[in-house]
Asker: 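A single structure is presented below for examination.
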Amino acid sequence: MASREENSAHHEVRKPLVDGGLDHGSKEDQWMVYMSTFVAVCGSYEFGCCVGYSSPTQSAIREDLNLSLAQFSMFGAILTFGAMIGAITIGPITDFIGRKGALRFSSVVCVAGWLAIYFSKGALLLDIGRMAKGYGMGAFSYVVPIFVAEIAPKHLRGGLTALNQLMIVAGVSVSFVIGVVVSWRTLALIGLIPCAVTIFGLFFIPESPRWLAKTGNQKDFEDALQKLRGRDANISQEAEEIQDYIATLDRLPKAKLLDLFERRYSRSLIISVGLMICQQLGGINGVCFYVSNIFEQAGFSSSLGTIIYAVLQVVVTGIGAAIMDKAGRKPLILISATGLLLGCVLTAISFFLKVHQLSPEAVPILAVTGILVFIGSFSIGMGAVPWVLMSEIFPINIKGQAGSFATLVNWFGAWLCSYTFNFLMSWSSYGTFTLYAVINALAILFVIVMVPETKGRTLEQIQASINK
């Protein structure tokens, strides 16, 4: 049975914290926030480079190393398994060595992976390198949004955290384009660049003030917060609020993985895991990995469709990041899920018409429109918002375990979607997109019922109101 002191602590955590209009300094003074965010999201760009590597290099790698289709398929699939391992382990690592330490560790693992691929003479070293890159990718997918959310002032947090998704899609698109004109070994060396920027940049940015406060480094905590808010900014109220909240959490028992499933964290867990499931099972990885094949089956130019797809993804993700702190998280994800539903319905109709040989001239138009609506809608909200909310809604004492679990669910969903897509398409092309439409309709209901709006609130206010 919990003691009175623990019950009191639980009650205090639930109290909303009053926002007294914190002084975050002028825009000119916040250059350190922007610089720190840039260094962190180079990890997101690295994530995109890892994802985008295999598509333009498939034929060259198979020819140079004499790989069978099964061996190259293993090379492609092992990335996801590495990411799952990274997701499981990076939360506790991040809590132990800090956010900067975790970013540095993830970068070093990716460097090792790229070098293994560059020097590979056969399938074994190639797969080891791919697994290492997957590990780093899974680690980055957790630590980047967590670090950015913890350093950003509340009025910038949504947009800066959403840069994570923008840099991922930028990395994918750039790798796809560059991979057409350079060799696969050269592309592996190019993949080292964002890792080098992150490792070098970490020497010049502060650690997360919230992590420093949690570990009891009082002086470093205040110095880091002052650097991030500007030399002349008044940080006293924000510092006091962070310390009071962490002091309350410290009176609770030390969090373990099983503690994540306790009642006081249940809403945060349901929101985070539910959004990760909605994000992945709505069909994004099936569409992303096989977009060329989808366009071909619909009778549209795969090369032209893929280029339009890549450009649209980057542009719309950028728009979503820019407006997130004005529009809010919940409206964006509702608009996104509605667009995903519409995109799936249009694509399902196009394949239905093709299978039954009805209106053949309308098939490619509907298919391209459906896929572009789908990816545009995903990019505006469903791609970024689940990661933003994950970084906001968990208290810092459980954030490592919660983030690892949510990221693991996300990567398992990514594997499940990409693995089953071809089987589903063989069963029924229009049935596949009808299934995705149903899942996205359920996602709309989930967001309406469960997901709170978090814009304009401090992390402490958000967590105190959710974890009741």
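In what follows, residues are counted from 1 in the order of the sequence shown. Only a predicted model underlies this, so the values are computations on that prediction, with no experimental measurement involved.
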Asker: So do V197 and V39 actually touch side chain to side chain, heavy atoms under 4.5 Å?
Answerer: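 Side chain of V39 against side chain of V197, heavy atoms only: no contact under 4.5 Å found.
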Asker: Quick one: does any side-chain atom of S272 pair with a main-chain N or O of S268 as donor and acceptor, under 3.5 Å?
Answerer: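 The answer is no, because no donor-acceptor pair under 3.5 Å joins these two groups.
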Asker: Counting C-beta onward and ignoring hydrogens, is there a side-chain heavy-atom pair between M382 and I284 closer than 4.5 Å?
Answerer: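 No, every pair of side-chain atoms sits at 4.5 Å or beyond.
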Asker: If we check side-chain contact (heavy atoms from CB on, under 4.5 Å) with I444, which of these qualifies: L341, I333, V449?
Answerer: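 Only one option passes, and that is L341.
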Asker: So, applying ring pair (Phe, Tyr, Trp, His ring centres under 6.0 Å) with W411, which one of F140, F47, Y135 is it?
Answerer: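 Of all the options given, the one that passes is F47.
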Asker: Between E392 and R329 (salt bridge meaning N to carboxylate O under 4.0 Å), is one present in this structure?
Answerer: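 Yes, E392 and R329 are salt-bridged.
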Asker: Any chance you could lay out the side-chain contact (heavy atoms from CB on, under 4.5 Å) test for V109 and F105, step after step, and finish with the verdict?
Answerer: CA-CA 6 Å; V109 173; F105 172 71; 4.0 Å; yes
Asker: Measure the spacing between CD of Q401 and CG of D95 and express it to the nearest 0.5 Å.
Answerer: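 Interatomic distance, Q401 CD to D95 CG, rounded to 0.5 Å: 6.0 Å.
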Asker: I'd like to know if the side chain of S404 and the backbone of A87 have a donor-acceptor N/O pair within less than 3.5 Å.
Answerer: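 Between the backbone of A87 and the side chain of S404 there is a qualifying donor-acceptor contact (under 3.5 Å).
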Asker: With ring pair (Phe, Tyr, Trp, His ring centres under 6.0 Å) as the criterion, how do F96 and W211 come out once you've worked through the C-alpha distance, each side chain's angles and the decisive distance to 0.1 Å?
Answerer: CA-CA 10 Å; F96 182 68; W211 181 78; 9.0 Å; no
Asker: Which distance, rounded to the nearest 0.5 Å, do you find between the CD1 of I168 and the OG of S173?
Answerer: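 One gets 12.0 Å once the value is rounded to the nearest 0.5 Å.
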Asker: If the plane angle is over 60° it's perpendicular, under 30° parallel, otherwise tilted; pick one for Y436 and F433.
Answerer: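 Ring orientation, 0 to 90° scale: perpendicular.
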Asker: Does R104 qualify as a cation-pi partner of F203, given the criterion of NZ or CZ under 6.0 Å from the six-membered ring centre and within 45 degrees of its axis?
Answerer: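 Checked: cation-pi criterion met.
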Asker: Has K100 got its NZ or CZ under 6.0 Å from the middle of the six-membered ring of F147, at an angle within 45 degrees of the ring axis?
Answerer: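 Relative to the ring axis of F147, which defines the angle, K100 lies outside at least one limit.
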Asker: Check the pair R99 / E207 against salt bridge (Lys or Arg N to Asp or Glu O under 4.0 Å), numbers first and verdict last.
Answerer: CA-CA 7 Å; R99 284 41 171 160; E207 178 59 271; 5.6 Å; no
Asker: NZ of K330 to OG1 of T454: how many Å apart, nearest 0.5 Å?
Answerer: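 If we round to the nearest 0.5 Å, K330:NZ and T454:OG1 are 11.0 Å apart.
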Asker: Report yes if the distance between the aromatic ring centroids of W415 and F412 is under 6.0 Å, otherwise no.
Answerer: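 W415 vs F412: aromatic centres under 6.0 Å.
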Asker: Does some side-chain heavy atom of N440 sit less than 4.5 Å from a side-chain heavy atom of C344?
Answerer: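 Yes; the side chains approach each other to less than 4.5 Å.
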Asker: Does the pair V316 and F378 meet the rule for a side-chain contact (heavy atoms from CB on, under 4.5 Å), with working shown?
Answerer: CA-CA 9 Å; V316 177; F378 182 86; over 6 Å; no
Asker: Should Y430 and S428 count as side-chain neighbours, where that means a heavy-atom distance under 4.5 Å?
Answerer: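 With C-beta onward as the side chain, the pair touches.
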Asker: Quick one: does M425's side chain get under 4.5 Å of F351's, heavy atoms only?
Answerer: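 In short, these two side chains touch, coming nearer than 4.5 Å.
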Asker: State, to 0.1 Å, how close L212 and A224 come at their nearest heavy-atom pair, and which atoms those are.
Answerer: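 Looks like CD1-CB, 3.8 Å.
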Asker: In Å, rounded to the nearest 0.5 Å, how long is the span from CD1 of I308 to CD of Q313?
Answerer: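 With rounding to 0.5 Å, CD1 (I308) is 13.5 Å from CD (Q313).
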Asker: Output, in order, the C-alpha distance, side-chain angles, deciding distance and verdict of side-chain contact (heavy atoms from CB on, under 4.5 Å) for S36 and L228.
Answerer: CA-CA 9 Å; S36 300; L228 290 164; 4.0 Å; yes
Asker: Which atoms form the tightest heavy-atom contact between C50 and M137, and what is the distance?
Answerer: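 Between these two residues, the closest heavy atoms are CB-SD, 3.4 Å.
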Asker: Does the pair Q226 and E222 meet the rule for a side-chain hydrogen bond (donor to acceptor under 3.5 Å, both in side chains), with working shown?
Answerer: CA-CA 6 Å; Q226 192 72 66; E222 293 178 356; over 6 Å; no
Asker: Decide yes or no for Q165 and V169: does some side-chain heavy atom of the first lie under 4.5 Å from some side-chain heavy atom of the second?
Answerer: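 Touching, per the 4.5 Å side-chain cut-off.
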Asker: Test R210 against F221 for side-chain contact (heavy atoms from CB on, under 4.5 Å), laying out the working first.
Answerer: CA-CA 7 Å; R210 286 175 169 85; F221 157 67; 6.0 Å; no
Asker: Find out whether P153 and R229 are in side-chain contact, i.e. whether some heavy atom of one side chain is under 4.5 Å from a heavy atom of the other.
Answerer: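 Contact flag for P153/R229 side chains = yes.
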Asker: Could you grab the distance from atom OG1 of T89 to atom CG of L408, nearest 0.5 Å is fine?
Answerer: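 The OG1 atom of T89 sits 10.0 Å away from the CG atom of L408.
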Asker: Considering residues, nucleotides and ligands other than F38, do more than 12 of their heavy atoms fall under 6.0 Å from its CZ?
Answerer: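 At most 12 heavy atoms, drawn from other residues, nucleotides or ligands, come within 6.0 Å of this atom.
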Asker: So, S141 side chain and G138 main chain: donor-acceptor pair closer than 3.5 Å or not?
Answerer: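 Indeed, once roles are kept as given, a pair shorter than 3.5 Å links the two residues.
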Asker: As an exercise, state the distance from CG of L202 to CZ of F200, rounded to the nearest 0.5 Å.
Answerer: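 L202 CG to F200 CZ: 11.0 Å, rounded to 0.5 Å.
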Asker: Are any of the side-chain heavy atoms of P206 and D223 separated by less than 4.5 Å?
Answerer: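 Result no, sub-4.5 Å side-chain heavy-atom pair not found.
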